[in-house]
There are 2 protein chains.
Amino acid sequence: MQERLAGEGSAPLYMRVRDQLAIRIEEGSLTPNTRLPSERILADEYGTTRVTARLALAQLEAEGRIFRSNRRGWFVSPPRLIYKPTQDYSFSENVISQGRIPATETLDVTPTEINAWLATRTGLAVGDPIVWLRRRRQIDGRPVLVENIYLNPKRLPAIETYDFNRSLWKLLREQYGVELQGKHIEMYPTALVGPQANALGVTIGTAGLYVTRCSHDAEGGFVEFDEEFWLHDALSIQVEVY
Amino acid sequence: MQERLAGEGSAPLYMRVRDQLAIRIEEGSLTPNTRLPSERILADEYGTTRVTARLALAQLEAEGRIFRSNRRGWFVSPPRLIYKPTQDYSFSENVISQGRIPATETLDVTPTEINAWLATRTGLAVGDPIVWLRRRRQIDGRPVLVENIYLNPKRLPAIETYDFNRSLWKLLREQYGVELQGKHIEMYPTALVGPQANALGVTIGTAGLYVTRCSHDAEGGFVEFDEEFWLHDALSIQVEVY
DNA sequence: AAGTGGTCTAGACCACCAC
DNA sequence: TGGTGGTCTAGACCACTTG
């Protein structure tokens, strides 16, 4: 048990603990993907309680500098993936080009019907057939996003029979001759809840970024609607306008 | 003091409290910008403690459904502003076009010099003169973002003598004949800290979205570099690609 | 089996804001 | 001045993960 942190009484204790941890991360004594000391040990080291240690950890988490994994502990966040929604079509190629290792897991493939919410986004009619695909994607072994993909079976016959643990974009191009032309992208920060939080193995309420993408082909027909739930510390978005 | 919330023991108490509050928001008994009952009253109503009530509130805050203002209380979030970085040039016009009321306050105008960080982003040299402008912008009276704007005084002589409580984009066009041509935009979710949290009157660590924009004119010369710190629940970003 | 984070209690004092 | 959220203590039990 250490002495309590010196302080002029100015900054709250949990922020002074945060600052100490931030220094340890910047210095490099804590490197990306390494585990931090446990909450109890941190509380002890800094002469405080778990509640206060957790405030400090939550602060660093909000800044995107550390993350937690299930009940396994707190880890230093790796660098953000640069994502250019106007240019990038392939998650895997993008991850590889940044010197990291991608992985994709198919969680679910379900033929179903268009509901009211999807109808307004896809331009199809309520009750039309649609194929619902759920995937989880990883960078360097860390799950960073889950996605719901809705594929138009009229444009993509027998799509549900293919292997989805690869690039969907290549599948569409090579098997169906689809050249994606226009995209409508919408995104905003929000919390991860329910199935998304579960699939990523994070606590309900973890900060995330919600991204939707609606793609059409060269003839303007609806091809694919994509809904992505990212960990908020995993990406940085870049857009070029000319 | 009410009975404790019924529950099958499945969901944590704070999530059941969250659900009750979410229902009150959806039903309309709590409408945008109205204050929620105080933490102590909520704890009492749901037969629990302030810590648990705060967990429920923090969850709704993370989802972008409620926000807090200084020590004044918790409020229901208004709808997100739709922001199209590839099209929108004027904050004010965009806000008005969505039926809401914008306001802009100039916090600071400081002539200074390019540092290393700015040099890599602007293409100018370390030590070059630059004008640093800080503004706070509101929607319907709520501060939603603060921005650091760095203006090139070589391209914009005497820029520091103008009134900045108006559209900067119009000022550049009307006074300097600048037609902004290209933009490089980068954004990622992070926490609001330090001067930004202070200027917005929010707690350090509040979730935010960090946006930078580097603008060039038709000749490709550097004109303006902009750094924006948004409240995470205040905007939704849309990008169209053709 | 031991250790982790997740949840929760029942208090306390403080700084700040509105009245 | 009274009420608000912000911070903090000192515990507790639980679910889950890991060796």
Side-chain angles (χ1 to χ4, degrees), chain A residues 1 4-5 7-19 21 34-62 66-76 143 191-193 197-198 200-206, chain B residues 1 4-5 7-19 21 34-62 66-76 143 191-193 197-198 200-206:
Chain A
M1 166 107 166
R4 183 167 293 231
L5 271 188
E8 306 71 49
S10 47
L13 175 57
Y14 80 89
M15 283 302 287
R16 304 205 298 275
V17 174
R18 184 221 85 99
D19 294 343
L21 289 173
T34 58
R35 231 201 77 198
L36 275 66
S38 78
E39 295 176 359
R40 287 169 179 82
I41 290 176
L42 287 174
D44 213 35
E45 277 184 14
Y46 292 111
T48 181
T49 61
R50 262 186 79 202
V51 173
T52 301
R54 277 172 71 83
L55 279 177
L57 294 166
Q59 172 65 31
L60 288 165
E61 182 189 38
I66 64 175
F67 67 96
R68 41 186 145 176
S69 174
N70 272 327
R71 286 155 206 266
R72 299 194 303 115
W74 296 83
F75 300 80
V76 179
L192 301 171
V193 295
N198 282 338
L200 292 172
V202 298
T203 308
I204 289 173
T206 297
Chain B
M1 168 107 167
R4 184 165 292 232
L5 271 188
E8 306 72 48
S10 46
L13 176 56
Y14 80 90
M15 283 302 288
R16 304 205 298 276
V17 173
R18 184 221 85 101
D19 293 344
L21 289 172
T34 58
R35 231 200 77 198
L36 274 66
S38 78
E39 294 176 359
R40 287 169 178 83
I41 289 176
L42 287 174
D44 213 36
E45 278 184 14
Y46 292 111
T48 182
T49 62
R50 261 186 80 203
V51 173
T52 301
R54 278 172 71 83
L55 278 177
L57 293 166
Q59 172 64 31
L60 288 165
E61 183 190 38
I66 65 175
F67 67 95
R68 41 187 147 176
S69 173
N70 274 327
R71 287 157 205 264
R72 299 195 304 115
W74 296 82
F75 300 82
V76 179
L192 300 171
V193 295
N198 282 338
L200 292 173
V202 298
T203 307
I204 290 172
T206 298

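Proteins come first, then strands; the chains are lettered A, B, ... in the order of their sequence lines, and each starts at number 1.
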Can you list everything that forms a side chain to side chain contact (heavy atoms under 4.5 Å, CB included) with A:Thr52? Sequence neighbours excluded, please.
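Once residues adjacent in sequence are excluded, the partners of A:Thr52 under the side chain to side chain contact (heavy atoms under 4.5 Å, CB included) criterion are A:Leu13, A:Tyr14, A:Thr48, A:Thr49.
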
Checking A:Ala197 now: which residues fulfil side chain to side chain contact (heavy atoms under 4.5 Å, CB included) with it, not counting sequence neighbours?
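Counting only residues at least two positions away or on another chain, A:Ala197 forms a side chain to side chain contact (heavy atoms under 4.5 Å, CB included) with A:Leu192, A:Val202, A:Ile204.
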
Enumerate the residues from residues 51-62 of chain A whose closest heavy atom to DNA chain C is under 4.0 Å, giving them by residue number; use none for an empty result.
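Residues of residues 51-62 of chain A under 4.0 Å from DNA chain C: A:Arg54.
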
Whole angstrom value for the distance that separates [atom2] of [N] from [atom1] of [X]:
X       : N      : atom1 : atom2 : value
B:Asp44 : C:dT9  : CG    : C1'   : 14 Å
B:Trp74 : C:dC17 : CH2   : P     : 17 Å
A:Met15 : C:dA15 : CE    : P     : 18 Å
B:Phe75 : D:dT4  : CZ    : C1'   : 10 Å
A:Leu42 : C:dG3  : CG    : C1'   : 14 Å
B:Arg72 : D:dG6  : CZ    : C1'   : 16 Å
A:Tyr14 : D:dG6  : OH    : P     : 9 Å
B:Glu39 : D:dG3  : CD    : C1'   : 12 Å

Using a cut-off of less than 4.0 Å, is there contact between a side-chain N or O of [X] and OP1 or OP2 of [N]?
X        : N     : result
B:Thr48  : C:dC8 : no
B:Ser38  : D:dT4 : yes
B:Thr203 : D:dG5 : no

Between [atom1] on residue [X] and [atom2] on residue [Y], distance to nearest 0.5 Å:
X        : Y        : atom1 : atom2 : value
B:Leu60  : B:Leu55  : CG    : CG    : 11.5 Å
B:Thr206 : B:Leu200 : OG1   : CG    : 9.0 Å
B:Arg54  : B:Trp74  : CZ    : CH2   : 6.0 Å
A:Phe67  : A:Glu61  : CZ    : CD    : 10.5 Å

Residues forming a salt bridge (charged side-chain N to carboxylate O under 4.0 Å, His left out) with B:Arg50, sequence neighbours excluded:
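Only B:Glu39 meet the salt bridge (charged side-chain N to carboxylate O under 4.0 Å, His left out) criterion with B:Arg50.
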
Closest to the B:Thr49 side chain, choosing from C:dA10, D:dG6, D:dT4
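My answer, after comparing the listed nucleotides, is C:dA10.
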
Check DNA chain C for consecutive Watson-Crick or G-U pairs with both distances under 3.5 Å and list the runs of at least three as stems.
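Stems for DNA chain C, defined as runs of 3 or more consecutive pairs: C:1-18 with D:1-18.
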
For [X], check side chain to side chain donor-acceptor pair (under 3.5 Å) against everything at least two apart and list the hits.
X        : answer
A:Ser38  : none
A:Arg40  : none
A:Thr203 : none

So which atom in B:Ala11 and which in B:Arg16 form the shortest heavy-atom distance, rounded to 0.1 Å?
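The answer is O-NH1, 2.6 Å.
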
Tabulate protein N/O versus nucleotide N/O from nucleotides 13-15 of chain D, keeping only pairs under 3.5 Å, one per line.
{"residue": "D:dA15", "atom": "N3", "partner": "A:Arg71", "partner atom": "NH1", "Å": "3.3"}

Would B:Val17 and B:Gln59 satisfy side-chain contact (heavy atoms from CB on, under 4.5 Å), going step by step from the backbone distance to the final call?
CA-CA 10 Å; B:Val17 173; B:Gln59 172 64 31; over 6 Å; no

